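Report on the structure given below.
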Protein chains: 2
Amino acid sequence: MRVADTATEPELACPIGPVVDIVFSRWTTPILWSLHAHGRQRFVELERRITRITPKVLTQRLRQLERDGLVVRTYHPEVPPRVEYEISELGRSLAPLFAHLAEWSTEHLGEVEQARQAYDEA
Amino acid sequence: MRVADTATEPELACPIGPVVDIVFSRWTTPILWSLHAHGRQRFVELERRITRITPKVLTQRLRQLERDGLVVRTYHPEVPPRVEYEISELGRSLAPLFAHLAEWSTEHLGEVEQARQAYDEA
DNA sequence: CAGTATCCCAGATGATACTG
DNA sequence: CAGTATCATCTGGGATACTG
């Protein structure tokens with residue numbers, strides 16, 4: 001974990017910048033979570049589970065996740081076509097991290113709420 | 001860590017949705033990281049350290065962070081004015097999480113790169 | 001079913017200039 | 001110094017419709 005060149009590089013002064021872009025860009029956490037919680041799924045299943053997402057955006061995100069090696073896409077040339085998505089090994093390696101995040105959430109989300117209320121009153 | 005209502009709520013099917021919004025919205029990680037790595041800092045110091053950020057956006061992000069209780073702002077009514085920002089107790093509680101993230105980064109970022117290359121060749 | 005193709009808009013971001 | 005004000009920009013995302 002380098003800190004030395006903190007002042008050198010742009011916003012990448014922050015060594016976790018790249019990971020954040022990969023793992024926490026919009027829609028990726030719901031998708032990964034869904035895939036992790038419910039296993040291999042078809043396009044429509046994801047679409048139904050992640051309410052409010054449009055097929056266009058879901059496709060975009062899935063492609064990105066596939067490109068980054070976090071998700072595996074399997075195409076079955078049938079009629080009608082069947083496509084299945086599942087978490088890759090690499091994607092699964094994020095599980096402890098997500099757990100850590102969920103833990104922080106249950107422990108400190110309340111404090112954030114309080115801080116907001118206090119702030120808004122002033 | 002509930003999973004039961006995964007299909008009930010919208011994108012919050014993902015229990016870490018709220019935290020992600022708070023901690024990983026744009027510019028927040030560089031700011032928090034800088035504050036964590038270099039301690040209490042004035043506005044200009046942050047501005048210089050986080051290259052490419054404009055004062056407007058820096059102000060916005062700092063306000064948000066302050067409202068969420070992750071950062072403490074101290075105003076010194078002098079001439080010229082002096083304002084200092086520092087991480088709060090709550091903000092500091094994110095440190096292990098960031099460390100975890102940095103660790104994942106050093107271990108797996110290479111795999112992401114490889115996946116991308118492989119994908120782009122096909 | 002599993003997407004693509006278009007059109008479109010809001011909100012976020014950037015550039016620039018100005019103040020207490 | 002520590003912002004704010006204003007204007008221009010621009011891209012992600014939404015709505016809708018269509019296809020192999």
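All values below come from the heavy atoms of this structure, side chains included, with hydrogens, waters and symmetry mates left out. Keep in mind that this is a model prediction, so the values were computed, not measured. Proteins get letters first, then strands, A, B, ... in listed order; numbering begins at 1 in each.
- The distance from atom OG of S105(A) to atom CD1 of I22(B), rounded to the nearest 0.5 Å, is 7.5 Å.
- Here S25(A) pairs with Q64(A) under the side chain to side chain donor-acceptor pair (under 3.5 Å) rule; sequence neighbours left out.
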Margin query: What does the 5'-to-3' dot-bracket notation of DNA chain C look like when only Watson-Crick and G-U wobble pairs under 3.5 Å count, and pairs to other strands show as |?
Written below: ||||||||||||||||||||
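- Along DNA chain C, the nucleotide closest to R61(B) and the one closest to V44(A) are compared, and the more 5′ of them pairs with V44(A).
- Remark: R67(A) engages D120(B) in a salt bridge (Lys or Arg N to Asp or Glu O under 4.0 Å) (not counting sequence neighbours).
- For E111(A), the side chain to side chain contact (heavy atoms under 4.5 Å, CB included) test picks out H108(A), L90(B), with sequence neighbours left out.
- Partners of F43(A) according to the ring-ring contact (aromatic ring centres under 6.0 Å, His included) rule, which considers only residues two or more places apart in sequence or in another chain, do not exist here.
- Evaluation of the side chain to side chain donor-acceptor pair (under 3.5 Å) rule for R116(B) yields D68(A) as partners, not counting sequence neighbours.
- Screening residues 64-92 of chain B for ring-ring contact (aromatic ring centres under 6.0 Å, His included), with sequence neighbours left out, gives no hits.
- At least one side-chain nitrogen or oxygen of Y85(B) sits closer than 4.0 Å to the OP1 or OP2 atom of dG3(D).
- Residues passing the side chain to side chain donor-acceptor pair (under 3.5 Å) test with R82(B), sequence neighbours excluded: E78(B).
- With sequence neighbours left out, the ring-ring contact (aromatic ring centres under 6.0 Å, His included) criterion links F24(A) to F24(B).
- Residues satisfying the side chain to side chain contact (heavy atoms under 4.5 Å, CB included) criterion with R40(A), sequence neighbours excluded, are E84(A), E86(A).
- Taking atom CG of L62(A) as the reference point, atom C1' of dT4(C) lies 15 Å away to the nearest angstrom.
- At the phosphate of dA2(C), OP1 or OP2 sits under 4.0 Å from a side-chain N or O atom of R42(A).
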Check: Can you give one letter per nucleotide of nucleotides 14-20 of chain C, 5' to 3': B if a protein heavy atom sits under 4.0 Å from the base, S if only from the sugar-phosphate, - if neither?
Finding: BB----B
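- In the region residues 63-80 of chain B, proximity to DNA chain C at under 4.0 angstrom, judged on heavy atoms, holds for none of the residues.
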